[in-house]
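Quick note: residue numbers are just sequence positions, from 1.
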Amino acid sequence: MAPQVSSHTIDHTPEYEDFIAKVTEFHRQRGTSFDPAPKLGANQVDLLKLFKYVVAHGGYDAVSDEKLAWRKSCEELGLMTSNPPAAAFSLKTIFYRNLAAYEIKTVHNKEPPPPEILEHTTAKGSGLLTRTLENYAPNRRETGAGFRDSDGDEGTPSKERPSDDTPGSARASRGLRQDPPQRVIFQPETSSSRAARHASGQQHAPPASHSPHHSQTHAQGPAQHAAQYQQTPRGGASHAFTPQNPEYQNAAVMTYDWARPLMLPVRPVRTPATDPNAFAEERRIARLRAAGRSAADLVQQRNPLRADKQFEGPNIYLRCMQSLLSRVPAEQAFALNHLVKISFERGDKFRFEQFPKLVEGLVEKGLEVGELFYHVEWTITYDSDKDDGPIGELDGNNGTADIIERIEQLVTKPVVDGIMPADFSDRLGMITEALLTIRNMVMLQDNAAYVADYPVLSDLLCIILHLPKLEMTVELKHFALDIAEQITPYLVLQSDDPLYRTLLAQLVSNSDDRGTVLTALRAVGRISMNLAETNQLGDVPLEVLEKVKNWLLLNDDELMDACLDFLYQYTAVVPNVETLIKASGLDALVSHLVRLLSHGAKRGQKEIIVVEEHRGKTPDGPIPVPDDLKARLLALPEPERCHTWVRCFFEEDPEAQVTQISIWQGYNSAFLDDIRKAGKQMIQAAEFIRSISQVYTNAAARIKKEMTPQGEVNKFIIDGIRPRLRPINEEGLEYFPCLWARKVRRPSDPPKCLRWLPGADQMWKHIMTEHLDETLDPSTGTVKDKTDKYVCYWSACGKYNKPTEMSLFLFSSHVKLHAMQAFAKSGTDKAQTPGGSLIVPPKRTLRSHNTPAKTITIRSEETLAVLPDPRNPNGAPTAGGIPLSAALVLRNIARNVVKTEAQEELVKQEDEEGGWNERLFRAQRERLYEIMTENKLLAPHVASLLQTIDDQ
């Protein structure tokens with residue numbers, strides 16, 4: 001009878017929540033994934049119930065060792081499905097991945113095995129309490145084909161085969177053999193795919209590095225070189241060819257994870273080296289047989305290795321390292337071929353400190369380059385007591401101080417560029433691979449810091465950079481410069497250090513090679529950057545300083561950036577600034593650095609409103625018609641006169657309105673008497689109102705209802721127009737009132753003249769004739785000069801407010817100024833001044849009833865900005881790029897130039913207090929102040945520079 005099956009549910013009790021929290025924290029610290037509610041079939045498994053059940057039955061190992069115990073646990077926990085074996089293994093897997101390590105830690109008080117042999121493997125089997133990295137190795141069935149996948153998927157468990165004594169079993173077909181997977185036989189290309197290099201050393205740039213300013217000359221980087229060397233077949237039994245097609249990629253390299261070592265299936269081969277005892281025993285038996293004795297009586301009992309048993313050898317990393325150290329050419333070819341690929345694809349996990357002797361092996365391989373081009377064999381000695389040795393013996397403890405002098409003494413072999421024997425080509429290719437591997441690995445900072453402590457590497461770089469100028473050595477030199485760029489931040493190089501002298505020599509000997517110059521400048525500028533020691537940059541040749549100043553003039557941002565980094569380090573030391581002064585051209589350098597403060601700047605301007613625009617007060621009615629305008633309007637027929645009058649005395653305003661009666665009365669008061677005297681008829685009121693909409697299309701007559709004390713009344717209005725503050729003539733030019741105060745007036749007269757005049761010339765004549773009672777010369781239009789006491793009665797004029805004796809010409813000029821200023825303020829005048837010059841003020845963009853806003857224009861200059869720190873996203877951006885570097889170099893010069901001996905000499909010779917700072921920055925002050933006010937990001941740095949100049 002089948003057992004009673006109860007439903008399985010999760011009880012979210014406080015005990016359950018506390019248990020899940022503890023297990024979650026345990027897996028977080030362990031670095032493994034955790035599923036708090038895994039599913040088995042349609043049910044979610046309560047991990048607390050499962051844990052208590054397994055622990056009560058002795059733990060994972062005890063339950064796994066008991067036959068059908070996991071199937072029984074499914075029944076008792078209510079998790080049975082239609083497929084009991086599958087349910088049992090699924091429950092076992094759930095416990096294995098989520099709770100097994102927690103059980104070992106909390107129940108047995110032991111340290112659980114690492115994830116690579118616990119959670120990352122299949123749940124088949126038991127023995128977790130005794131499992132370690134040394135004694136546990138998954139079999140081929142568990143790992144697929146001898147290699148574990150990176151995602152830890154171990155596949156499904158093997159199903160139990162029915163016993164032979166079960167007749168008629170339906171599971172007999174499970175034991176049938178499956179079809180083997182189809183394999184595609186690889187057919188390698190017969191022609192070499194390695195591209196020939198035709199460019200000289202002066203035409204190539206080094207491959208791109210991690211710096212964002214590196215050029216893209218070698219954009220492929222190590223991938224290109226890896227492909228070249230992997231596709232160059234070499235002889236050797238252990239050499240493995242790795243084609244580019246993904247179907248034929250080397251699985252040992254592509255799937256390898258350092259955290260989970262791979263075990264390669266290797267069949268052992270008995271050789272005198274691997275099994276000397278067995279071969280000695282066979283030789284002994286052969287001698288006994290030759291002596292006539294029975295071998296059966298003398299052969300000792302042995303337990304030889306079975307030939308069909310798999311031997312799991314070292315992983316690919318150790319295999320390559322040991323092959324490299326073996327010094328067997330075929331083995332080294334195999335090792336370097338894979339190390340290039342590994343260092344490029346797995347560079348983030350491939351560290352020198354994990355593989356002792358690897359860097360030594362690569363450097364020793366690189367030193368073999370001396371045998372190809374010189375009659376020398378470079379060797380490394382660690383004997384500190386040995387003073388004098390052969391010329392090819394390098395000091396492995398402290399580096400070879402005279403390595404450059406030794407290289408200069410070497411005799412060059414007769415090597416023909418571009419024509420290489422097969423053996424020479426293979427050796428040079430392996431040396432290039434060794435150097436490329438180092439170059440790829442030092443891109444990781446940990447590796448760069450590690451190899452910086454190995455002095456022989458600096459000797460190797462000096463040897464390579466001093467190789468003859470041949471096409472075949474260009475690639476090696478570029479790799480050497482890349483390595484130098486990565487390790488110099490961890491080195492302290494004095495002025496006599498061979499590597500320092502070699503890098504400076506590259507700036508002179510290969511100055512036409514942009515890639516060499518860029519990398520060498522960066523390497524020199526970053527010396528001891530990550531150390532506490534100061535980079536002195538001493539004894540830089542004057543030729544190098546001249547070239548750096550000339551390179552700054554080129555339109556090349558990367559080169560300028562590298563030169564500025566070099567100059568920033570160089571000018572931070574006072575003796576170097578002294579040398580820079582002696583090299584001459586410091587004035588031109590400072591001038592160009594000031595220009596670089598605006599490199600790549602975007603200039604713009606912004607108007608800031610000081611006083612907002614506001615509407616003027618609406619006049620009560622139309623302004624009286626000026627006499628000259630009235631005469632011209634009377635000469636026009638109707639309705640043209642009406643249209644012109646409306647245009648001259650009214651303007652559009654969507655928010656304004658006038659009453660129909662007021663505008664009609666204004667028109668009648670202006671023209672009715674004159675029209676009647678002329679015997680003509682006045683335009684009708686209705687026609688006059690309709691004419692207004694013909695002048696201004698947005699003006700419309702309508703009836704507006706208003707409430708008054710007497711009740712609701714109708715008000716006839718015209719929307720969309722308002723009276724002008726100042727009338728205009730037919731040409732659109734404004735009139736301006738005369739503001740001269742009246743001498744004699746009645747109490748009802750206004751205090752000022754207020755006569756509307758069309759231009760400054762008419763205004764001047766009006767004041768001279770009507771207010772000053774002067775007579776104008778008809779032929780010249782001027783007054784005769786005389787001396788008298790004059791008073792200016794122009795409104796708000798405080799210059800001649802008291803009688804002042806002066807020439808009439810002088811007072812007349814004063815009156816002209818008032819007239820011109822009046823019409824200049826009106827903004828639409830176009831009239832001739834009394835002197836005959838034409839005033840053309842700017843056209844008004846606003847209507848006369850609006851007072852324009854008062855604004856100030858601020859100019860701005862924006863250069864490259866550095867985004868805020870990702871850890872502080874709310875921070876403001878800061879200055880960066882070439883402008884910031886130029887500002888820092890200028891500040892170094894200003895700070896240190898006054899401390900030099902040249903400063904004292906200049907002050908004595910020219911008796912100048914400012915000295916060199918005054919001489920260098922006198923002509924640049926205006927531009928520096930302009931940058932400080934317009935460039936917000938660069939302002940603090942320029943202000944600091946100006947403060948330094950003033951303080952010295």
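Here the closest non-hydrogen pair linking Gly880 and Val866 is CA-CG2, 3.5 Å. Annotation for Leu435 and Ile483: closest pair O-CD1, 3.8 Å, computed over non-hydrogen atoms.
Between Lys357 and Glu360, no side-chain nitrogen of the basic residue sits less than 4.0 Å from a carboxylate oxygen of the acidic one, so the salt-bridge criterion is not met. Taking a cutoff of 4.0 Å between a charged side-chain nitrogen and a carboxylate oxygen, Arg427 and Glu371 qualify as a salt bridge. Under the 4.0 Å criterion applied to side-chain N and carboxylate O atoms, Arg319 and Glu331 are assigned as salt-bridge partners.
Ring geometry for Tyr317 against Phe350 counts as perpendicular: the plane angle is over 60°, on a 0 to 90° scale with 30° as the lower cut. Using cut-offs of 30° and 60° on the angle between ring planes, the pair Tyr450 and Phe352 is parallel.
More than 12 heavy-atom neighbours from other residues, nucleotides or ligands sit within 6.0 angstrom of CD on Glu405. Around atom NZ of Lys413, more than 12 heavy atoms belonging to other residues, nucleotides or ligands sit under 6.0 Å away.
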What verdict does the salt bridge (charged side-chain N to carboxylate O under 4.0 Å, His left out) test give for Arg327 and Glu364, after you've listed the backbone C-alpha separation in whole Å, the side-chain angles of each residue and the deciding distance to 0.1 Å? CA-CA 10 Å; Arg327 298 188 179 181; Glu364 289 179 0; 3.2 Å; yes
Could you go step by step and tell me if Asp539 and Arg501 meet the salt bridge (charged side-chain N to carboxylate O under 4.0 Å, His left out) rule? CA-CA 9 Å; Asp539 296 339; Arg501 293 161 55 195; over 6 Å; no
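Interatomic distance, OG1 of Thr948 versus CD1 of Ile893, reported as 12.5 Å (0.5 Å rounding). Residue Ile581 holds its CD1 atom at 10.5 Å from CD of Glu901, rounded to the nearest 0.5 Å. One distance of note links CG of Leu436 with CG of Leu336; it measures 10.0 Å at 0.5 Å rounding. Atom CG of Leu410 sits about 10.0 Å away from atom NE2 of His375, to the nearest 0.5 Å. We find the CD1-OG1 distance between Ile527 and Thr488 to be 6.0 Å, quoted to the nearest 0.5 Å.
A donor atom on one side chain and an acceptor atom on the other are found under 3.5 Å apart for Asn440 and Ser343. With no hydrogens or angles considered, a side-chain donor-acceptor pair links Thr400 and Asp459 at under 3.5 Å.
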